[in-house]
Amino acid sequence: MNKRGFIFDLDGVIVDTAKYHFLAWKKLANDLGIDFTEHQNEQLKGVSRVKSLEKILDWGGISLSEDAFQDQMNKKNTDYLSYIETMKEDEILIDVPKVLDYLKNEKQPLALGSASKNARKILKKVSLYDSFDAIVDGTNVTKAKPDPEVFLKAAEELEIHPEQCVVFEDSIAGVQAANKANMISIGIGEQDVLSEADFVFKDFSEISIDFLTQLINKQ
């Protein structure tokens, strides 16, 4: 039987924590007297916490001392963590369990490859922690996507060559990282946004068992 490494991003692929990031950033911005819209929040997708705060301060024309900047980052993270503490299994995105269960039954190695430093906590909250053979998150890597570090580390932990890996991603930076790692890239989201991916599906309900079987057996 062929073995491929299947690597999943977390936010926007397995669960949607974007709404919690939005609530936490909006509270921070409003507390500083800055208006913050969902459109602006979209511009923070895949962007580090430091860069996100820099953008918000820039939009509001505000400058902070280094200590005050750090305080705001800590506040944002505390608020975000308070939201994800409430997460449950019903927040897993549609048909993700179907795909994970099929791949596990086919003895395919599974990894998480996420920039989130809260990935392990979130997986435990939604009862998926034990579904993965390897977890590589923001605590294990130093380079952000589109650098392929997170996916290459995941492949290494699975002991699968990068060329034999498949990545599920919802951001263009993640797709580019997968492509740079010479992995098969599958975009989850909109075709016009993720056009650089090898395949694009709106969500996992569009991914058939036949398609997964073909991926496993692809030479």
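- Atom CD of E159 has 12 or fewer heavy atoms from other residues, nucleotides or ligands within 6.0 Å.
- Under the 4.5 Å side-chain heavy-atom criterion for grouping Ile, Leu, Val, Met, Phe, Trp and Tyr, V99 is connected to L215 within one hydrophobic cluster.
- For the pair W25/R49, a side-chain contact is recorded, criterion being any heavy-atom separation below 4.5 Å from C-beta on.
- A single hydrophobic cluster is seen to contain both I186 and F132, as judged by linkage of ILVMFWY side chains at heavy-atom distances under 4.5 Å, directly or through other members.
- Put simply, OG1 on T17 and NZ on K125 are 14.5 Å apart, with the number rounded to the nearest 0.5 Å.
- T37 contributes atom OG1, which lies 12.0 Å from atom CD1 of I34 (distance to the nearest 0.5 angstrom).
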CA sep, side-chain torsions, deciding dist, call: L128, V15, side chain to side chain contact (heavy atoms under 4.5 Å, CB included): CA-CA 11 Å; L128 284 180; V15 293; 5.8 Å; no
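- Taking the ring axis of Y129 as reference, the NZ or CZ atom of K124 stays within 45° of it and closer than 6.0 Å to the ring centre.
- For the residue pair D210 / S208, no side-chain donor-acceptor distance below 3.5 Å is found, with atom types taken as modelled.
- Around atom CD of E156, no more than 12 heavy atoms belonging to other residues, nucleotides or ligands sit under 6.0 Å away.
- Here L28 contributes atom CG and N77 contributes atom CG; the two are 11.5 Å apart, rounded to the nearest 0.5 Å.
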### Task
Go through the steps to decide whether K180 and D147 satisfy the test salt bridge (charged side-chain N to carboxylate O under 4.0 Å, His left out), and finish with yes or no.
CA-CA 8 Å; K180 284 180 185 175; D147 189 282; over 6 Å; no
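- A 4.5 Å side-chain heavy-atom check between L123 and I135 finds at least one atom pair inside the cut-off.
- Rounded to the nearest 0.5 Å, atoms NZ (K55) and CD (Q43) are 6.0 Å apart.
- Between the side chain of Q70 and the main chain of E66, no donor-acceptor pair closer than 3.5 Å is present.
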- Query: E91 and K19: salt bridge (charged side-chain N to carboxylate O under 4.0 Å, His left out), yes or no, with the steps?
  - Reply: CA-CA 12 Å; E91 295 204 48; K19 59 190 173 188; 3.3 Å; yes
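- Applying the side chain to side chain donor-acceptor pair (under 3.5 Å) rule to D203 yields the partners S205; only residues at least two apart in sequence or on another chain are considered.
- In this structure, K153 fails the cation-pi test against F151, since its NZ or CZ atom is not both closer than 6.0 Å to the six-membered ring centre and inside 45 degrees of the ring normal.
- Checked against a 6.0 Å centroid threshold, the rings of Y20 and Y80 do not count as neighbours.
- S195 has its side chain out of reach of V200: every pair of non-hydrogen atoms, C-beta onward, lies at least 4.5 Å apart.
- Looking only at side-chain heavy atoms (C-beta outward), I84 and M87 come within less than 4.5 Å of each other.
- A donor-acceptor contact under 3.5 angstrom links the side chains of Y102 and T213, judged on distance only.
- Side-chain N/O atoms of D137 and S116 include no donor and acceptor closer than 3.5 Å.
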ask   = Passes side chain to side chain contact (heavy atoms under 4.5 Å, CB included), E54 versus F69? Steps please.
value = CA-CA 9 Å; E54 286 174 353; F69 187 95; 3.9 Å; yes
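- The nearest pair of heavy atoms linking P162 to L152 is CG-CD2, 3.9 Å.
- No hydrogens or angles considered: a donor-acceptor pair under 3.5 Å links the side chains of S171 and E169.
- Between L53 and Q72, the shortest heavy-atom contact is CD2-CB, 3.9 Å.
- For A111 against A154, the heavy-atom pair with the smallest separation is CB-CB, 4.0 Å.
- D198 and S185 form a side-chain donor-acceptor contact under 3.5 Å, judged by distance and modelled atom types alone.
- Atom CG of residue L112 and atom CG of residue L10 lie 5.5 Å apart, to the nearest 0.5 angstrom.
- When atom types are taken as modelled, the side chain of E149 and the backbone of V141 share no donor-acceptor pair closer than 3.5 angstrom.
- Looking only at distances, no side-chain donor or acceptor of D170 sits under 3.5 Å from a matching main-chain atom of G189.
- Salt bridge annotation for D31-K75: absent, with no cationic side-chain nitrogen under 4.0 angstrom from a carboxylate oxygen.
- Minimum interatomic distance between K3 and Q164 (heavy atoms only, all atoms of both residues): O-NE2, 3.7 Å.
- Side-chain contact between D11 and D16 is absent, with no heavy atoms from C-beta onward closer than 4.5 Å.
- K26 places a side-chain N or O within donor-acceptor distance of the main-chain N or O of F36, the cut-off being under 3.5 Å.
- Between I188 and I207, the closest side-chain pair of non-hydrogen atoms falls below 4.5 Å.
- With R4 as the partner, the side-chain contact (heavy atoms from CB on, under 4.5 Å) test is satisfied by one option alone out of L103, I160, L212, I184: I184.
- At a threshold of 4.0 Å, the pair K121-E85 counts as salt-bridged, since one of the basic side-chain nitrogens sits closer than that to a carboxylate oxygen.
- By the 4.0 Å N-to-carboxylate-O rule, D95 lies close enough to K98 to be salt-bridged with it.
- A distance of 13.0 Å separates NZ of K104 from CZ of F6, quoted to the nearest 0.5 Å.
- The shortest distance between side-chain heavy atoms of F204 and L93 does not fall below 4.5 Å.
- Within the 4.5 Å cutoff, the side chain of V167 has no heavy atoms near those of the F8 side chain.
- Across all non-hydrogen atoms, the minimal contact from L158 to P109 is CD2-CB, 3.9 Å.
- F201 and V193 end up in different hydrophobic clusters when Ile, Leu, Val, Met, Phe, Trp and Tyr side chains are linked at under 4.5 Å.
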